Amino acid sequence: MTTTSPRTSLTEFCEDCSRETSHAVTIQLRVENADADHAKCSREPYRVSKCLTCEASSARRMNDA
């Protein structure tokens, strides 16, 4: 199960386009261990960025930032 915050458009560097492009950015809560007895307790926030030009996306765990 994931939950998503409202979308925000930001300009940032896209590895695939090799230039600055607009990106749709969201924060998602992702379950990291779905097989655990208490999967709800293993949710972590991720920053998900999707290029609006080439549609490449990336996700980064916020607690690792």
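Since the model is a prediction, treat every value here as computed from it, not as a measurement.
Under the 4.5 Å side-chain criterion, counting only non-hydrogen atoms from C-beta, Arg19 is not in contact with Cys14.
Under the side chain to side chain contact (heavy atoms under 4.5 Å, CB included) criterion, Glu20 pairs with Thr11, Phe13, not counting sequence neighbours.
A distance of 6.5 Å separates CZ in Arg60 from CZ in Arg47, rounded to the nearest 0.5 Å. To the nearest 0.5 Å, the span separating CD on Glu15 from OG on Ser49 amounts to 11.0 Å. The CG atom of Asp16 lies 7.5 Å from the SG atom of Cys51; values are rounded to the nearest 0.5 Å. Rounding to the nearest 0.5 angstrom, the gap separating the CD atom in Gln28 from the OG1 atom in Thr26 is 4.5 Å. For the atom pair CG (Leu10) and NE2 (His23), the distance works out to 9.5 Å, reported to the nearest 0.5 Å.
Of all heavy-atom pairs between Val48 and Arg30, the closest is CG2-NH2, 3.5 Å.
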